[in-house]
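Just so you know, ligand 1 is whichever comes first in the structure, and atom 1 is the first atom listed for that ligand.
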Amino acid sequence: MVEHETAAPGYNDDDESPRSQCSASRSSSRVVYLNNAGQARLSDAAKRAGIHALTSPILPYADVDLRKIRNLFATVIGATEADVCIHPSTAFSITMAAENIFRRHVENGSGATRRVGDVEATTTTQPGRIIVLEDQMCSAVYGWQDIVQRSKGTLKLDIVPFPSPDACASWTDLILERLEGNVVACCLPPLHWSDGSLIDLVRVGDVCRAKSVPLIVDSTQATGIMECDVKRIQPTLMACSVHKWLRSCSGASLVYVHPSVRDEWQPLDQHGRGRDFGTPAYDASKDEMSDDGYPTTFFKDARKFDSGGKPNPVLLPILRASLEEIVTLDIEEAQQQLRALMSPFLEWATRHGYTFPTSHAHHLVGIRPTSQASTEKMIAIAERLESAHNVCIAVRCGAFRISPYLDCTPSDMDRLVQALEQEALHL
Ligand SMILES: Cc1ncc(COP(=O)(O)O)c(C=O)c1O
């Protein structure tokens with residue numbers, strides 16, 4: 001098995017930092033990489049695709065890859081190529097959704113009839129609520145925060161807290177309870193990024209549709225390793241950054257946009273890439289400009305929402321190669337494999353006083369010490385795991401987040417247990 005560079009344990013977002021990358025020279029043992037929720041390791045095929053792009057005499061033109069990527073991603077999420085656009089980040093996609101919902105909210109004002117997707121609904125004079133989760137990843141929250149601030153009190157965040165450990169109701173139930181009254185949008189992930197708590201988006205989607213509330217999904221920690229079928233969830237928008245379970249480098253988010261908002265919604269930035277000039281032939285825009293400027297007609301499909309800027313010709317071949325592998329995965333089997341891998345570890349964690357969500361994914365689980373350990377201490381432990389044991393995990397929202405991929409072995413999990421037994425004994 002190849003040694004890989006690994007990710008930072010203690011960061012508040014999931015960015016990589018060269019400062020904290022594991023160095024194989026620190027220990028001769030194989031790196032146990034359990035931070036795939038931070039940054040995926042590239043498969044050999046994905047690396048080859050990147051190297052091939054970089055070493056080509058001229059950087060390849062990205063259009064062929066773009067088309068294929070839309071198609072492959074659509075296959076993974078049960079959509080069609082026409083539903084998929086490409087953004088630089090999930091924050092970009094969520095901001096686009098927020099801006100469109102803001103436009104609709106401000107245009108119509110309180111008491112007016114608003115139209116979301118296919119269903120009509122009547123707004124009230126209550127502030128419109130935007131449902132998010134406690135400690136949800138910030139890329140899925142800032143866009144809403146911004147429109148709330150600009151709304152002069154007509155919008156507010158409605159943050160659904162983590163269920164208390166002794167609560168009977170699941171997090172999904174708590175969300176459904178909030179889906180009453182004037183809800184303007186619901187922005188949720190299929191699972192919490194810190195501990196893997198599952199949210200049943202099919203149930204939430206059903207209620208959102210019945211109440212005409214747009215469901216905006218950040219599926220970054222799910223798509224590629226867990227079922228995220230848009231035919232079942234029916235979100236208005238679902239965005240997925242590509243550097244986790246889509247097994248690519250960072251720099252893009254693949255985005256599903258429901259056909260019902262294609263006409264009404266606007267892209268976030270203004271440029272020519274989402275426009276239909278009637279011909280693919282590029283002629284430097286000659287003769288296209290009138291007194292009003294350039295032609296404005298958008299593509300009829302989700303390419304309308306593509307972000308501007310030339311697509312990255314190195315990232316795209318890597319992403320394409322990764323997606324070509326992901327479409328061959330049996331997601332159900334993958335989750336079963338990871339469940340079998342994680343079970344003995346979670347039994348160990350329970351015996352040693354850690355807690356974790358009752359209903360959790362198998363590719364990402366956060367274990368919390370029952371005693372109140374400081375974040376600093378937990379980060380220091382994770383750093384020791386990395387520097388002294390070559391075991392890479394992350395600390396997120398008070399939990400040690402363990403996120404294996406399908407190449408992890410039971411002996412990797414044994415190494416994690418041994419390292420925690422040595423370094424976290426007195427937590
Ligand atoms: C749940 C979740 N969403 C989104 C992202 C990435 O967002 P962005 O593409 O805006 O950096 C991450 C991690 O980086 C994440 O954990």
Side-chain angles (χ1 to χ4, degrees), residues 6-17 20 34-41 73 77 85-99 131-146 159-160 162 171 186-199 201 215-226 228 233 235 237-256 268-269 305-307 309 311-312 315 318-319 322 357 360-361 363-366 392-403 405:
T6 59
Y11 286 3
N12 283 332
D13 61 17
D14 278 344
D15 286 347
E16 284 288 87
S17 161
S20 64
L34 300 166
N35 191 21
N36 289 279
Q39 169 63 60
R41 299 194 295 189
F73 182 66
I77 61 168
C85 67
I86 304 192
H87 288 166
S89 69
T90 289
F92 188 103
S93 321
I94 303 291
T95 305
M96 184 183 89
E99 286 301 324
I131 295 179
V132 293
L133 298 181
E134 182 179 359
D135 290 343
Q136 189 163 339
M137 205 275 168
C138 62
S139 287
V141 179
Y142 274 120
W144 307 110
Q145 256 175 259
D146 184 52
I159 304 172
V160 189
F162 280 96
W171 216 346
C186 198
C187 180
L188 298 169
L191 71 164
H192 200 274
W193 69 308
S194 68
D195 65 8
S197 296
L198 292 171
I199 310 293
L201 291 185
L215 173 61
I216 311 299
V217 175
D218 171 7
S219 72
T220 300
Q221 293 295 1
T223 306
I225 194 67
M226 208 180 112
C228 286
I233 302 171
L237 175 145
M238 184 168 90
C240 181
S241 295
V242 299
H243 58 289
K244 301 179 192 277
W245 307 98
L246 295 183
R247 317 297 299 160
S248 179
C249 300
S250 54
S253 172
L254 297 178
V255 193
Y256 166 85
L268 192 58
D269 54 351
F305 304 110
D306 276 351
S307 54
N312 182 324
L315 169 66
I318 294 175
L319 177 55
S322 299
H360 58 79
H363 61 288
L364 185 171
V365 185
C392 296
I393 64 169
V395 176
R396 294 289 181 273
C397 311
F400 288 125
R401 185 182 69 184
I402 318 297
S403 51
Y405 195 59

(request) Of all the heavy-atom pairs spanning A140 and C187, show the shortest one and how long it is. (result)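 That closest heavy-atom pairing would be O-SG, 3.6 Å.
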
With atoms numbered from 1 as shown, which atoms in ligand 1 lie under 4.0 angstrom from a non-hydrogen atom of [X]?
X: W193; answer: 1 (C), 16 (O)
X: Q221; answer: 1 (C), 15 (C), 16 (O)
X: D218; answer: 1 (C), 2 (C), 3 (N), 4 (C)
X: S89; answer: 8 (P), 9 (O), 10 (O)
X: S241; answer: 6 (C), 7 (O), 8 (P), 9 (O)
X: S139; answer: 7 (O), 8 (P), 10 (O), 11 (O)

(message) Taking side-chain contact (heavy atoms from CB on, under 4.5 Å) as the criterion, tell me which of I233, V132, I216, L201 meets it with L188.
(response)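 Answer to the side-chain contact (heavy atoms from CB on, under 4.5 Å) test with L188 among I233, V132, I216, L201: L201.
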
(message) Among D218, I159, V160, which residue satisfies the side-chain contact (heavy atoms from CB on, under 4.5 Å) criterion with L133?
(response) V160

(message) Taking side-chain hydrogen bond (donor to acceptor under 3.5 Å, both in side chains) as the criterion, tell me which of R247, H363, H243 meets it with N36.
(response) R247

(request) Identify the residue among S307, S253, S241, S93 that makes a side-chain hydrogen bond (donor to acceptor under 3.5 Å, both in side chains) with H87. (result) S93

(request) Report yes or no: do T220 and T90 form a side-chain donor-acceptor pair below 3.5 Å? (result) yes

(message) If we count only N and O atoms by modelled type, under 3.5 Å, do the side chains of H192 and S194 hold a donor and an acceptor together?
(response) yes

(request) Between K244 and ligand 1, find which residue part has any heavy-atom pair under 4.0 Å and reply side chain, backbone, both or neither. (result)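 Looking at K244 and ligand 1, just side chain atoms fall under 4.0 Å.
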
(request) Under 4.0 Å, heavy atoms only, figure out whether ligand 1 is touched by the backbone of T90, its side chain, both or neither. (result)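 T90 to ligand 1: contacts from backbone and side chain alike.
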
(message) Looking only at distances, can you tell me whether any N or O atom of A91, backbone or side chain, sits closer than 3.5 Å to an N or O atom of ligand 1?
(response) yes

